[in-house]
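Working notes for the structure below.
What's counted below: heavy atoms across the whole structure, side chains too, no hydrogens, waters or symmetry copies.
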Protein chains: 2
Amino acid sequence: MRPTMGDIAVEAGVSQMTVSRVIRGTGQTSVEVRERVHDAARKLGYVQNRLATALRDESSTLVAVVLPTLRNRVFSEVLDGINEVLSTGGYRPVFGVTEYSQEREEELVLDLLSWRPRGIILSGLEHSDATRAAVLASGVQVVEVMDTDGDPISAAFGLSQTQAGRTTASHMISKGYRRFGYIGSRDGKDLRAEKRFAAFRDVVRESGAQIVNEILVEGPSSMVAGRRSTAQMVASADRPDAIYFSNDDLAAGGIMHCLSEGIEIPSELALAGFNGLSFLEALPIRLTTVETPRLEMGRRAAAHVMQASEPSESLPSPSVIDLGFRLIPGETC
Amino acid sequence: MRPTMGDIAVEAGVSQMTVSRVIRGTGQTSVEVRERVHDAARKLGYVQNRLATALRDESSTLVAVVLPTLRNRVFSEVLDGINEVLSTGGYRPVFGVTEYSQEREEELVLDLLSWRPRGIILSGLEHSDATRAAVLASGVQVVEVMDTDGDPISAAFGLSQTQAGRTTASHMISKGYRRFGYIGSRDGKDLRAEKRFAAFRDVVRESGAQIVNEILVEGPSSMVAGRRSTAQMVASADRPDAIYFSNDDLAAGGIMHCLSEGIEIPSELALAGFNGLSFLEALPIRLTTVETPRLEMGRRAAAHVMQASEPSESLPSPSVIDLGFRLIPGETC
DNA sequence: CTGAAAGCGCTAACAT
DNA sequence: ATGTTAGCGCTTTCAG
């Protein structure tokens, strides 16, 4: 159907091998032959069949990417960073979404591995044993992004979710708040948010303060959910004087509720978020949050997969690269 | 290296062909053999090599997806819709980002086609001749999303950008506004935003009103850019009484500026956006906008690629499916 | 119900 | 500088 190197070879009057060499620009070829081959290729509308190349090479230039969701800007930014770097080397991401389910992740990983990708990028450090076993057995480059609190399969680029939670708590406590609320999402399926909150809670308790109210919203986190939950929490008997949100979208919703209801920030209610999304800069009130290196985690992970040229028998020892975070003090606490 | 069907065959004491049949669940196989094969596969940690399958089949279960950017929620939602449907059939998206460049799109399309995808999903109806020629010659299913104003290569699922622009203009004019401003982005590289504005402008002029000010922001559209541009436009000599923004992020930035500066909406300044993103519901003031079927466009496009089972010689005639839009009247005009 | 043969398109290795 | 051979892992086709 579609022209192959063989067809071009006939058209150009050379062997298939010569066509292969010309097209890849490897080996020695005369100028004259090169031109004939390129002309023939153009004339026939030749498009390389990378399936064959990859089969032959026992590895493709695809990179598997496994994300928990696409409904959260955080992960599309990570994906953007990944793609940005991969595309400079002609690599392409093939991806799947787990919806925060380890079982789904397991299936997905097996499936993606069947494309013999050059590497696989996973989110977080928690995976089922089968998932870990599968990627390890596959021999492909494995990189985990987002988190540093745990044992990586091989390499990880992330930030300490625990430290981020502690830092936020310390900041809020230093500002004098003592009665805290927490608004999170995903019914505890987001392990990283859980780590942040666990650390936050520890610091709060250590300091003698307390968590007086917790709301976990159903469905994906969003400004709307944040606004609704804040309204609910503020109206409840256990009204906190400060709320820690599991991310900026929820927190921004909290700000919106306060703006609408005339609740004074931070005197009547203090708020803190997580991620440092750029839209916060546009809000009338600057949210106190923790900035995370989302693009950078993606870029570094992609770069790591790409520079894995030599399949060294001695697998590089597991290593975690902490890309850090930064507390951005705003006007909300 | 990795176990193949041949290895399993040896382990299970059958032929490779039998392994193939068992694994795919096709043809006739005895219960006993099936068990032996599955046991052997599990024992050896077998993972199918789809590169071989795809090479043999002359088509893969990958679907190429070409998007202009990942920095805009609109496209991650489309991608989400695509992935949602594709994954139900075991298909996987392989994607690339054009940054709104037709040249980049051309390279990308050729590159993605080299993976012999089952289909390719493009954004918009405007492509270079070479791009059109390449996808047509490839024989893969081609679907275009986002737009319906133009000639599709084969099938398209979108909405009339032109009608959306006209509808918004009519609405604003009916509300009595006569001096309009426009805030867009991407230096006119976003062809769909251009179509909306062109239609908007036409209606404004036909009605005897006028566009008194235009600002095209550099870089990706964002709330921050919208807030800054609104500030600039409101402070200028040619201050409009209503601003049409090319999307909701920019418009939300406009609302934020008004909130911060105490500008009364809509009496001092009216605003309208585009997309109907869900976060608008959380804002203290409801933006008037046009809701677009982003997830649905992605889903339908993916479904179209998947149901293309029979490679009918008679290519289905080009057809455009208009998924429509809906004007959502808010409090901003 | 199972097996053997052939070939998908490409490239490493070995000629010439 | 160019050509020949062999084989990557799988599945379609044809035989038993």
Legend entry - Residue pairs passing the salt bridge (charged side-chain N to carboxylate O under 4.0 Å, His left out) test where at least one lies in residues 52-65 of chain B, sequence neighbours excluded: none
Legend entry - B/Asp80 and B/Arg294 ion-paired at < 4.0 Å: no
Inset, instruction - Sugar-phosphate means primed atoms, P, OP1 and OP2; the rest is base. With that split, encode nucleotides 3-13 of chain C 5' to 3' as B, S or - using protein heavy atoms under 4.0 Å. - result: BB-BBBBBBBB
Inset, instruction - Considering only NZ, NE, NH1 and NH2 on the basic side and carboxylate oxygens on the acidic side, decide whether A/Asp39 and A/Arg36 come within less than 4.0 Å. - result: no
Inset, instruction - Give a yes or no on whether a salt bridge exists between B/Glu11 and B/Lys43, defined as a side-chain N under 4.0 angstrom from a carboxylate O. - result: yes
Legend entry - Electrostatic pair A/Lys195:A/Glu126 at N-O distance under 4.0 angstrom: yes
